[in-house]
Amino acid sequence: MKRTLIKHVLVSDRIGEEVKIAGWVRTRRDSKGGFSFLEINDGSSFSGLQVVVPGELDNYQSDVLRVTIGSAVAVVGELVESPGAGQAVEVHATSVFVYGYADPDEYPLQKKRIGFEKLREIAHLRPRTNTFGAVARVRNALAYATHKFYQERDFLYLHTPMITASDAEGAGEMFQVTTLDMGALPRADGEIDYTQDFFGKPTFLTVSGQLEAETYALALDRVYTFGPTFRAENSNTRRHLAEFWMIEPEMAFADLDDNSDLAEAYIRFLFQYILDNCVEDLAFFNKWVDEGLLERLESIAGSDFERISYTEAVQALQKADVGFEYPVDWGTDLQSEHERYLTEVAYGKPLIVTDYPADIKAFYMRHNDDGKTVAAMDVLVPGVGEIVGGSQREERHDVLLESIRAKGLPEEHYWWYLDLRRFGTAPHAGFGLGFGRVVQFATGMHNIRDAIPFPRTPNSAEF
Ligand code: 4AD
Ligand code: MG
């Protein structure tokens, strides 16, 4: 018999018909009358399915009474309307097959709630909890919505390389990729001889697909990447990962305003999409993880973002009657505490902050006429702070070259990037949205490590 996913059984009109389901036992209760209730969850929806197992079943004594929390089972039975509260339908089993028991003395996910930090140590089992099942489903919905949003707007999905020789952010926070023997590095003139390395030169895991995306935007007009990026920054915060997924749209013939419009439309689309499609999961997060979540998602999906310049942001922060840990002066980068004050207190809504000082931003951002600032934009949201960073790109060859030199970057690495400005250059703009931060925001999960299946952070890569 063909198996049906529980989410389909729960909304089916097959009352009175035979169904087959499979999944993992979440609870078992035995009735005095000599039968058992199993709650089975297969991850297809937040809700599981209640199964009533009659004591007359052949293997009731031998198998069903041994079934424990975490065991994997398949059930065939009749779908009936449930008399009990909490579920509309249930299955009256005619057969229960046990694939695998889970020893209750060893299986860690018993009825007692386990803290999120502890669950990170058993990241291979945490998807079987309510919370991490829901995070996985919301993350999936956000990924689907991302493709939907860009595809519907004529953006082409582009696969940029993960191994690269150039530092896209120029910040020097890259993981090196090598096949050289660490115990016996080849040397020439006292230096490591990279001609013997796999690619004949030093290579790294990319921090961003932007530079490569620009090459395709200047040929195909509109592209977006959606892939993993890597940063070897030693940031032990609740919003940093060493490996995180980023979406990077890039548009030709576009300026900073077009870029802000796109970012705002995209973020609002994402949240509206999950409000419409992840009702049960979001209700769970709103009840158990973050009480204001639904209201916040609705307000962001439904209202315009505020747009201010960096200079205005600094003024607002200097006026603020708050003891910040880091002082704010024009020219310093905004810290997480500043970002959060601006979006949570000063404006009380998502903010797009533009035109940052050139000195604190990446080399590729377009220089404004004031000689001090660049056409940068960051999107800040309550609770998380920065979720998007982007800019209009410097399309003028000489200005870009000057910027690369001024930042002390090796210009020979960027010859192809400079070439784009020699052959048919055009104004263009794009941004990167940190997918983990969006999942964090969308679920209300406090720590980004709980917004990705297997977090990579300093001293932690077990799974
Ligand atoms: O602001 P960032 O560094 O911008 C770029 O990488 C540009 N190349 C993007 C572009 O213009 N195409 O990173 C973009 C976003 C941040 O706003 C943040 O949401 C996220 O990526 N991010 C991180 N998320 C998790 N862990 C980290 N270590 C992150 N670093 C950045
Ligand atoms: Mg940034």
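Just so it is clear, the values below take in all heavy atoms, side chains as well, and ignore hydrogens, waters and symmetry mates. Because the structure is a prediction, the values reported are computed rather than measured. Counting starts at 1 for both ligands and their atoms, following the listed order.
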If you have a sec, work out which protein heavy atom is nearest [atom] and how many Å separate them, to one decimal?
atom	value
atom 26 (N) of ligand 1	Leu241 N, 2.9 Å
atom 18 (C) of ligand 1	Arg437 NH1, 3.5 Å
atom 20 (C) of ligand 1	Gly434 CA, 3.6 Å
atom 5 (C) of ligand 1	Glu169 OE2, 3.3 Å

Under 4.0 Å from any heavy atom of [X], which atoms of ligand 1 are there?
X	answer
Arg239	25 (C), 26 (N)
Arg393	10 (C), 11 (O), 12 (N)
Tyr364	7 (C), 8 (N)
Gly389	1 (O), 9 (C), 10 (C), 11 (O), 17 (O)
Ile387	17 (O), 19 (O)

Does ligand 1 have any atom that is closer than 4.0 Å to a heavy atom of Gly390?
yes

Is it true that Glu250 lies under 4.0 Å from ligand 1, counting heavy atoms only?
no

Checking contacts here: is it the side chain or the backbone of Val388 that comes within 4.0 Å of ligand 1, counting heavy atoms only? Could be both or neither.
backbone

Is it the side chain, the backbone, both or neither of Phe431 that has a heavy atom closer than 4.0 Å to ligand 1?
backbone

Mark yes when over 12 heavy atoms from residues, nucleotides or ligands other than Phe324 sit less than 6.0 Å from its CZ; otherwise mark no.
yes

The one among [options] that brings a heavy atom closest to [atom]:
atom	options	result
atom 10 (C) of ligand 1	Met246, Lys361, Gln210, Arg456	Gln210
atom 13 (O) of ligand 1	Gln392, Arg231, Glu248, Glu243	Arg231
atom 16 (C) of ligand 1	Glu386, Glu173, Glu233	Glu386
atom 15 (C) of ligand 1	Gly385, Ser208, Gly432, Gly209	Gly432

Are the side chain of [X] and the backbone N or O of [Y] linked by a donor-acceptor pair below 3.5 Å?
X	Y	value
Asp197	Phe199	no
Arg396	Thr425	no
Gln392	Asn259	no
Arg366	Arg393	no

So Tyr356 and Tyr310, would you call those rings parallel, tilted or perpendicular, with 30° and 60° as cut-offs?
tilted

After noting the C-alpha distance and the side-chain angles of Tyr150 and Tyr266, does the key distance pass the ring pair (Phe, Tyr, Trp, His ring centres under 6.0 Å) rule?
CA-CA 8 Å; Tyr150 287 109; Tyr266 172 38; 4.9 Å; yes

Begin with the C-alpha distance, continue with both residues' side-chain angles, and end with the deciding distance and a verdict on ring pair (Phe, Tyr, Trp, His ring centres under 6.0 Å) for Phe284 and Phe46.
CA-CA 9 Å; Phe284 166 78; Phe46 187 87; 4.8 Å; yes

With a distance cut-off below 6.0 Å to the six-membered ring centre and an angular limit of 45° from the axis, does Arg153 pair with Phe149 as a cation-pi contact?
yes

Less than 4.0 Å between a side-chain N and a carboxylate O, is that true for Lys7 and Asp42?
no

Judged by modelled atom types alone, do Glu214 and Tyr417 share a side-chain donor-acceptor pair under 3.5 Å?
yes

So for ligand 1, is Phe244 a polar contact partner (N or O within less than 3.5 Å, distance only)?
no

If a pair satisfies ring pair (Phe, Tyr, Trp, His ring centres under 6.0 Å) and one of its residues is in residues 110-129, list it, with sequence neighbours excluded.
Phe116-Phe132, His124-Phe463

Glu386: which N/O/S atom is nearest the Mg ion (ligand 2)?
OE2

